[in-house]
Participant: 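Quick one: this structure, given as structure tokens, is what I'll be asking you about.
In what follows, every chain begins at residue 1, and chains take the letters A, B, ... in the order their sequences are listed. Small disclaimer: the values here were computed from a predicted structure and weren't measured. Note that these values count all heavy atoms, side chains included, but never hydrogens, waters or copies made by symmetry.
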There are 2 protein chains.
Amino acid sequence: MTARTPTDAVRDIPEATVARLPVYLRALTALADQGITTCSSEDLATAAGVNSAKLRKDLSYLGSYGTRGVGYDVDYLRYQIAREIGVTQDWPVVIVGIGNLGHALANFSGFRSRGFRVVALLDADPALHEQQVAGIVVRPFDDLEQIVRENDVAIGVISVPAFAAQDVADRMVAAGISSILNFAPTVLSVPPGVDVRKVDLSIELQILAYHEQRKAHGEPV
Amino acid sequence: MTARTPTDAVRDIPEATVARLPVYLRALTALADQGITTCSSEDLATAAGVNSAKLRKDLSYLGSYGTRGVGYDVDYLRYQIAREIGVTQDWPVVIVGIGNLGHALANFSGFRSRGFRVVALLDADPALHEQQVAGIVVRPFDDLEQIVRENDVAIGVISVPAFAAQDVADRMVAAGISSILNFAPTVLSVPPGVDVRKVDLSIELQILAYHEQRKAHGEPV
DNA sequence: TGCGTTTTGTTCTCACGTTCACAAACTCCT
DNA sequence: AGGAGTTTGTGAACGTGAGAACAAAACGCA
Ligand SMILES: NC(=O)c1ccc[n+]([C@@H]2O[C@H](COP(=O)([O-])OP(=O)(O)OC[C@H]3O[C@@H](n4cnc5c(N)ncnc54)[C@H](O)[C@@H]3O)[C@@H](O)[C@H]2O)c1
Ligand SMILES: NC(=O)c1ccc[n+]([C@@H]2O[C@H](COP(=O)([O-])OP(=O)(O)OC[C@H]3O[C@@H](n4cnc5c(N)ncnc54)[C@H](O)[C@@H]3O)[C@@H](O)[C@H]2O)c1
């Protein structure tokens with residue numbers, strides 16, 4: 001049964017808050033690295049670049065982990081946020097498409113340190129197979145199903161050309177992956193229950209360009 | 001009231017809409033590549049992966065570019081959106097930090113095709129200088145000011161390690177750059193009038209992990 | 001203990017964003 | 001020309017998010 005008992009009350013954290021929790025987590029790690037053990041919402045908000053009222057409200061969705069008049073214990077709060085996000089253990093991840101971007105991603109040190117573990121690099125190009133990238137052997141794309149099964153992989157990263165992205169996504173979903181991070185500049189269609197997030201350089205630049213154009217308009221040189 | 005006087009000409013487009021315009025632009029380009037010359041809001045919404053009412057409302061902020069009972073002329077609408085975003089001409093861009101990620105970015109073909117032109121690759125490491133990446137010579141970071149001045153650069157991309165990102169941003173702002181795309185996992189502080197957008201792999205993965213954890217919770221194997 | 005200080009957790013209000021639903025406007029066909 | 005069919009553009013309802021403000025809770029100190 002998927003019935004949620006009142007005691008089991010899975011709190012509903014707003015999406016906007018979920019998107020900020022990783023930022024808080026990183027800010028807390030930075031504070032901890034500086035040897036700071038306690039911080040106020042004001043301190044943490046500054047480090048995370050947000051309004052302190054917003055920060056407190058965000059944290060209140062997780063529970064009451066602060067002490068009035070004192071602030072938050074850095075390590076304790078860090079653990080609570082990590083637990084809420086689900087990165088107290090490492091998530092296995094596969095990367096498909098080991099071209100320019102795939103190489104960079106494979107070498108990205110932030111995976112391991114932030115709750116993820118690259119279990120396989122896959123590419124359709126036979127010329128890449130057996131080659132090592134970041135200490136991991138590149139394997140044929142057709143090994144996807146086996147790798148997902150053996151490692152219980154839930155998260156896949158797509159860094160293939162746009163024309164191939166939908167096919168790769170379909171194969172990922174069929175293999176059992178239910179969360180996809182897509183770097184290809186294309187809209188993926190996936191069945192319900194599968195989450196897709198995209199990272200799109202061109203879109204980000206175009207948003208900047210829009211605002212840049214407006215600045216130039218209102219403020220002649 | 002709704003009269004557009006020349007002074008009042010700059011309408012206020014909601015930020016959420018601005019973020020979707022590039023998606024529509026890409027969807028329209030895809031349709032045009034398929035030889036499609038006219039499309040309904042339903043068609044375009046499907047291609048862009050959004051609700052058709054939302055699409056129509058978004059487009060209504062730009063003006064009335066459709067024809068009732070018919071739909072939108074693909075090329076005409078494409079031009080209107082490109083003009084609104086400001087990508088009818090190319091924006092000069094500098095990339096700072098030519099490591100793993102910087103190499104990938106330099107090789108990214110989407111810059112040129114989507115309204116941007118990489119005018120310089122900069123890095124602090126002398127070992128990289130004079131080397132060519134994607135046909136462009138890597139130059140010393142200290143050339144930044146000169147390059148920004150000579151090419152009228154408004155947009156900078158940061159792909160240096162996190163600890164160096166704030167310094168690079170400060171130098172960029174001092175040099176006259178007013179829009180920054182930051183790939184380093186750190187919060188940048190910049191003066192008012194400077195726009196910063198971030199691309200953060202770890203955050204995206206952690207958001208996926210959060211939802212993935214919930215799926216596992218509610219739905220036992 | 002009691003008082004002043006600090007800082008959290010929460011409530012309230014306003015702004016922004018999404019979606020529905022439909023009149024207006026256009027085409028096509030007879 | 002007129003009616004049937006189609007699709008846009010937008011007003012209105014609803015939902016989500018941001019930020020100000022403040023009561024409640026903890027601490028320190030006399
Ligand atoms: N390079 C960048 O900085 C950058 C930035 C933003 C977005 N992107 C996007 O990321 C994607 C990858 O970019 P890139 O520069 O690495 O391209 P690339 O051509 O260098 O690499 C693509 C890789 O995918 C592999 N591939 C192709 N089809 C495949 C399939 N069906 N299954 C498995 N592997 C397959 C190719 O063999 C190749 O190794 C593209 O969609 C690009 O638009 C790249
Ligand atoms: N590799 C990835 O896929 C990836 C993904 C997400 C985020 N990032 C982030 O992007 C950034 C770059 O990642 P990377 O893997 O390319 O790192 P990298 O170490 O390979 O490259 C960094 C480059 O920046 C240069 N640099 C350092 N300090 C500089 C300075 N002050 N001025 C100019 N240049 C300077 C270095 O010489 C080096 O060439 C990091 O912050 C990383 O966290 C990388």
Side-chain angles (χ1 to χ4, degrees), chain A residues 9 11-24 27-28 31 36-78 80-81 84 203 207 210-211, chain B residues 1-4 11-24 27-28 31 36-78 80-81 84 187 203 207 210-211:
Chain A
R11 276 157 314 215
D12 202 28
I13 299 186
E15 196 54 36
T17 297
V18 171
R20 281 188 295 266
L21 290 179
V23 180
Y24 303 153
L28 284 166
L31 292 176
I36 297 169
T37 59
T38 303
C39 70
S40 68
S41 65
E42 201 67 55
D43 298 336
L44 184 52
T46 302
V50 302
N51 178 298
S52 71
K54 182 151 66 177
L55 172 87
R56 288 200 299 279
K57 188 183 250 188
D58 283 342
L59 295 184
S60 77
Y61 291 114
L62 314 192
S64 244
Y65 297 131
T67 307
R68 295 174 191 223
V70 178
Y72 301 92
D73 181 280
V74 171
D75 278 335
Y76 181 59
L77 183 57
R78 190 153 63 124
Q80 292 299 339
I81 294 179
E84 190 70 40
I203 288 180
I207 294 170
Y210 171 81
H211 293 296
Chain B
M1 196 96 133
T2 48
R4 292 162 215 156
R11 275 151 311 193
D12 202 28
I13 298 185
E15 195 53 36
T17 297
V18 171
R20 282 187 295 265
L21 290 179
V23 180
Y24 303 154
L28 284 166
L31 291 176
I36 296 169
T37 59
T38 303
C39 70
S40 68
S41 64
E42 201 67 53
D43 297 338
L44 184 52
T46 302
V50 301
N51 179 299
S52 70
K54 182 151 66 177
L55 171 86
R56 288 200 300 277
K57 178 150 276 193
D58 284 341
L59 294 184
S60 76
Y61 291 113
L62 313 193
S64 244
Y65 297 132
T67 307
R68 294 174 191 220
V70 178
Y72 301 93
D73 181 279
V74 171
D75 278 334
Y76 181 60
L77 182 58
R78 190 152 64 124
Q80 292 298 340
I81 293 179
E84 191 70 40
V187 175
I203 289 180
I207 294 170
Y210 170 80
H211 293 295

Participant: Take atom CG of A:Leu62 and atom C1' of C:dT8, then tell me their distance rounded to the nearest Å.
Facilitator: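 After rounding, the gap between these two atoms is 14 Å.
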Participant: Please report, rounded to the nearest Å, how far the P atom of C:dG9 is from the CD atom of A:Gln80.
Facilitator: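 Result: 12 Å.
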Participant: Give each protein N/O atom lying under 3.5 Å from an N/O atom of nucleotides 16-21 of chain C, with the pair distance.
Facilitator:
from	atom 1	to	atom 2	distance (Å)
C:dT18	OP1	B:Arg20	NH1	3.1
C:dT18	OP2	B:Arg20	NH1	3.2
C:dT18	OP2	B:Arg20	NH2	2.9
C:dT19	OP2	B:Lys54	NZ	3.4
C:dT19	O4	B:Lys57	NZ	3.2
C:dA21	N6	B:Arg56	NH2	3.4

Participant: Quick check on contacts: within residues 67-77 of chain A, what sits under 4.0 Å from DNA chain C by heavy-atom distance?
Facilitator: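 Heavy-atom contacts with DNA chain C come from A:Thr67, A:Arg68, A:Gly69, A:Val70, A:Gly71, A:Tyr72.
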Participant: Round to a whole Å and report the spacing from CG of A:Leu55 to P of C:dT7.
Facilitator: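 That distance rounds to 14 Å.
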Participant: For the pair made of CG in B:Leu59 and C1' in D:dT7, what is the distance, rounded to whole Å?
Facilitator: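 It works out to 13 Å between those atoms.
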Participant: For B:Tyr72 and B:Ser40, which heavy atoms make the closest approach, and how far apart are they?
Facilitator: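 So the minimum-distance heavy-atom pair works out to CD1-C, 4.4 Å.
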Participant: Compute whether any side-chain donor of one residue and acceptor of the other, for B:Thr46 and B:Asp43, lie under 3.5 angstrom apart.
Facilitator: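 No donor-acceptor contact under 3.5 Å links the two side chains.
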Participant: State, with a plain yes or no, whether a side-chain heavy atom of A:Leu55 is found less than 4.5 Å away from one of A:Tyr24.
Facilitator: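 Yes - at least one pair of side-chain heavy atoms lies under 4.5 Å apart.
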Participant: Can you tell me how far the CG atom of A:Asp75 sits from the OG1 atom of A:Thr38, to the nearest 0.5 Å?
Facilitator: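 Reported value, rounded in 0.5 Å steps: 9.5 Å.
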Participant: Tell me whether the side-chain N/O atoms of A:Ser41 come closer than 4.0 Å to OP1 or OP2 in C:dT7.
Facilitator: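 Answer no for this pair, as no side-chain N or O of A:Ser41 is under 4.0 Å from OP1 or OP2.
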Participant: Atom OH of B:Tyr65 to atom P of D:dT10: distance rounded to whole Å?
Facilitator: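 My rounded result for the distance is 12 Å.
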